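Keep in mind it's a predicted model, so treat the numbers as computed, not measured.
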Amino acid sequence: LAAASVRKGTTRMQLSHRISESSPYFQERKSFKDAYKYGLRRDIPEEEIASLEANRLGIKPYGSMMTLAMCINYIIGTGCFGLPIAFSQAGIGLTAILLFLGAGLSLISMNYTLEFMARAEGVNHSLNSHVLVATSNLSPVPPWPLHHLGYEKYDFARIAETFAGGSGRLICQATIIVYGMGSLWGFASMLGSSVASLTYTYADLGETCDVYSTPDYGCQTLYNGSLCIFAILVIILLFRDVSNQAHIQKFLTFYRIITFAIMLVTLALKVTHDATSGSLYDRIKNDIPFHWSQFAKGFGPCLLAINCHYNMPDALQPLEYKEKGNARAITFGAILLSLVLYIFLGVLGSVAFDDVSPLVTLNWSEFTGCGWDGWQDCVKGHHHHHPKNVLAFVVQLFVQLFPIFNVISTYPMIGVSVGDNLAFSLPSMSYFSCSCFESMIPSGGRRSTTQQAMGPRVSQSSDEIQKADNTRAFARIVTSLPPIAFAILFRRLDFILSLAGLLGFLLALTVPCYLQLIST
């Protein structure tokens with residue numbers, strides 16, 4: 001009866017009502033907490049059950065628009081700033097095709113991701129029901145799978161272990177950790193170069209500081225020093241859960257939209273001016289639209305720019321229970337909106353400059369605010385890199401701060417996702433119980449972060465919770481700090497983005513397909 005009801009699309013409450021009359025299971029249940037947790041009380045509204053579940057896990061739910069903002073923040077990362085040079089090197093035609101193809105495949109794999117996340121919820125719900133019956137005097141009832149998204153978090157590693165055991169978990173963990181550390185490597189390189197460039201621009205330390213060309217000693221020192229300071233900030237930010245960053249992420253989403261608008265408008269004005277003056281034709285007349293020998297330089301950044309699948313358990317977990325059904329529309333909308341912004345930024349950025357920087361925002365150091373397009377010399381025969389008017393100051397500041405804010409907001413979220421996937425396989429670390437990590441974990445969220453990283457337990461002692469929290473903290477640090485060291489040793493951003501994009505191919509287009517196959 002339960003299986004037939006699920007096939008007909010019966011809701012949880014309808015199903016509970018239908019089978020409760022003939023089963024002593026519900027009558028014998030005395031634990032009101034477990035009845036709330038698993039939705040076995042027909043007299044309790046489902047939204048109330050979900051609300052109590054969120055409180056149990058320490059989740060602060062938010063709506064669809066906030067979730068959309070979170071997804072956009074996950075997608076728009078290092079990849080977007082490397083797209084103009086990818087378009088320039090691999091050709092506009094080839095890179096555009098790769099970007100559209102990557103977006104289409106990303107939508108398919110995103111659909112797979114949402115489906116196997118829901119299946120994992122249903123399977124683990126059934127397993128938990130078995131545990132409750134086995135540890136009580138209740139009459140057994142055949143558990144039924146409730147394949148829907150809830151507030152419980154299921155990382156890729158945990159989903160893989162649910163359906164494929166330890167071998168499947170190791171495959172997913174290895175892929176996610178390698179790709180995640182590659183992405184964080186690019187983030188660190190981006191932040192260091194942006195801080196060094198801004199310092200040179202506004203402190204009059206020299207003409208420019210571009211660490212990707214031939215930087216002087218002062219430029220390199222600023223780059224390395226900013227990364228060391230950032231490493232300390234990362235350690236602090238790693239211990240804030242995604243649901244506790246809602247207001248920060250909402251602000252950063254608006255900032256991204258405004259900055260993208262500024263970048264596209266100023267690029268469009270420059271391209272229009274260059275087209276009327278004839279310099280645009282001279283710049284692109286020898287460009288090859290399909291540069292197949294540079295295929296890897298277009299392929300990697302295009303896949304990296306739209307890869308966010310392994311972050312979905314974190315992004316969708318705090319989504320309001322009554323709005324969980326909007327998950328597909330939210331994630332698809334975030335991918336399509338990012339695709340539109342990427343196409344405009346890639347095409348305009350690749351043709352607007354004679355020498356496109358691997359971090360395209362560095363090209364805005366040439367914006368002067370003079371001339372009708374804003375890119376002309378303020379003094380004839382001499383170009384000033386330091387802004388001489390309010391317009392140039394505002395535009396340069398907005399654009400060149402973009403990578404910095406982007407890294408500060410997204411780096412910890414990716415570090416949390418990668419670290420929690422690793423923590424699922426690490427042993428509990430009692431030898432860190434000196435509270436070196438405990439003080440950095442926000443109050444009220446300790447139990448939730450334990451369950452998110454290590455999976456739910458029927459019962460946990462405070463000592464077990466402490467050990468699991470230490471394990472999670474250790475895993476996040478181990479996966480987040482080495483990329484900063486890599487960025488100090490090797491900082492060429494276009495190479496890093498190409499490498500991370502190739503690794504992203506495995507994560508975005510193969511792991512979801514693998515999990516979809518084994519979960520069905």
Residue pair Leu341 / Ile257, side-chain heavy-atom distance below 4.5 Å: no
From CA spacing to verdict: side chain to side chain contact (heavy atoms under 4.5 Å, CB included), Cys172, Glu161: CA-CA 9 Å; Cys172 287; Glu161 183 170 64; over 6 Å; no
Main-chain N/O of Val356 paired to Asn363 side chain as donor or acceptor, under 3.5 Å: no
Asp420/Arg476 salt bridge by N-O under 4.0 Å criterion: yes
Heavy-atom side-chain proximity of Leu515 to Val511 below 4.5 angstrom: yes
Test item: His291 side-chain N/O and Gly91 main-chain N/O as donor-acceptor pair under 3.5 Å: no
Taking every non-hydrogen atom, the tightest pair across Val351 and Leu280: O-CD1, 3.4 Å
Close aromatic pair by centroid cut-off 6.0 Å: Tyr411 and Phe230: yes
Nearest heavy-atom neighbours spanning Leu98 and Gly298: CD1-C, 3.8 Å
Closest heavy-atom pair and its distance - Asp274, Ala352: OD2-O, 3.8 Å
Nearest-0.5 Å distance, CD of residue Gln376 to OG of residue Ser277: 7.5 Å
Nearest heavy atoms of Leu114 and Leu149, plus distance in Å: O-CD2, 4.1 Å
Interatomic distance, Leu336 atom CG to Ile306 atom CD1 [nearest 0.5 angstrom]: 10.0 Å
Side chain Asp155, main chain Ala157, donor-acceptor under 3.5 Å: no
Closest non-hydrogen atom pair between Ala90 and Thr95, with its separation: CB-OG1, 3.5 Å
Side chain Ser193, main chain Met190, donor-acceptor under 3.5 Å: yes
From OG (Ser189) to CZ (Phe81), nearest 0.5 Å: 12.5 Å
Side chain Lys324, main chain Leu316, donor-acceptor under 3.5 Å: yes
Side-chain donor or acceptor of Ser226 paired with backbone N/O of Leu222 under 3.5 Å: yes
Exercise: do Asp216 and Tyr200 side chains pair donor with acceptor under 3.5 Å: yes
Pairing of Glu115 and Arg119 as salt bridge, 4.0 angstrom limit: yes
Heavy-atom donor-acceptor pair, Asp373 side chain to Leu267 backbone, under 3.5 Å: no
Thr259 side chain to Arg256 backbone, donor-acceptor under 3.5 Å: no
Pro403 side chain reached by Leu359 side chain, heavy atoms, under 4.5 Å: yes
Trace of the side chain to side chain donor-acceptor pair (under 3.5 Å) decision for Gln400 with Thr361: CA-CA 6 Å; Gln400 293 187 326; Thr361 55; over 6 Å; no
Distance (rounded to the nearest 0.5 Å) between Leu319 CG and Ile330 CD1: 5.0 Å
Arg328 side chain near Met110 side chain, heavy-atom distance below 4.5 Å: no
Pair Leu191-Ile408, side chain to side chain contact (heavy atoms under 4.5 Å, CB included): steps then yes or no: CA-CA 8 Å; Leu191 179 132; Ile408 292 176; 4.0 Å; yes
Polar side-chain atom of Tyr255 near backbone of Phe398 as donor-acceptor pair, under 3.5 Å: yes
Heavy-atom check, side chain of Ile75 versus side chain of Tyr342, under 4.5 Å: yes
His309 (side chain) donor-acceptor with Ser106 (main chain) under 3.5 angstrom: yes
Within 6.0 angstrom of Phe490 CZ, more than 12 heavy atoms from elsewhere: yes
Separation between CD of Gln317 and NZ of Lys153, rounded to the nearest 0.5 Å: 6.5 Å
More than 12 heavy atoms from other groups under 6.0 Å of CZ on Phe332: yes
Straight-line distance of Tyr310 OH to Ile177 CD1, nearest 0.5 Å: 11.0 Å
Test side chain to side chain contact (heavy atoms under 4.5 Å, CB included) applied to Leu391 and Val394, step by step: CA-CA 5 Å; Leu391 175 62; Val394 172; 5.8 Å; no
OH (Tyr112) with more than 12 external heavy atoms under 6.0 Å: no
Test log, rule ring pair (Phe, Tyr, Trp, His ring centres under 6.0 Å), inputs Phe344 and Phe260: CA-CA 10 Å; Phe344 280 105; Phe260 254 112; over 10 Å; no
Exercise: do Ser417 and Asn311 side chains pair donor with acceptor under 3.5 Å: yes
Side chain to side chain, Ile85 and Ser357, heavy atoms closer than 4.5 Å: no
Proximity of Phe156 and Phe116 rings by center, below 6.0 Å: yes
Closest non-hydrogen atom pair, Ile414 against Gly180: CG2-O, 4.5 Å
Ile235 and Leu481: CA distance, side-chain angles, deciding distance, side chain to side chain contact (heavy atoms under 4.5 Å, CB included) verdict: CA-CA 8 Å; Ile235 295 176; Leu481 292 186; 4.1 Å; yes
Aromatic ring proximity, centroids under 6.0 angstrom, Trp375 and His273: no
Side chain proximity check, Trp372 to Leu269, heavy atoms < 4.5 angstrom: yes
Stepwise side chain to side chain donor-acceptor pair (under 3.5 Å) check, Ser64 with Asn326: CA-CA 7 Å; Ser64 296; Asn326 299 334; 3.1 Å; yes
Residue pair Leu339 / Ile335, side-chain heavy-atom distance below 4.5 Å: no
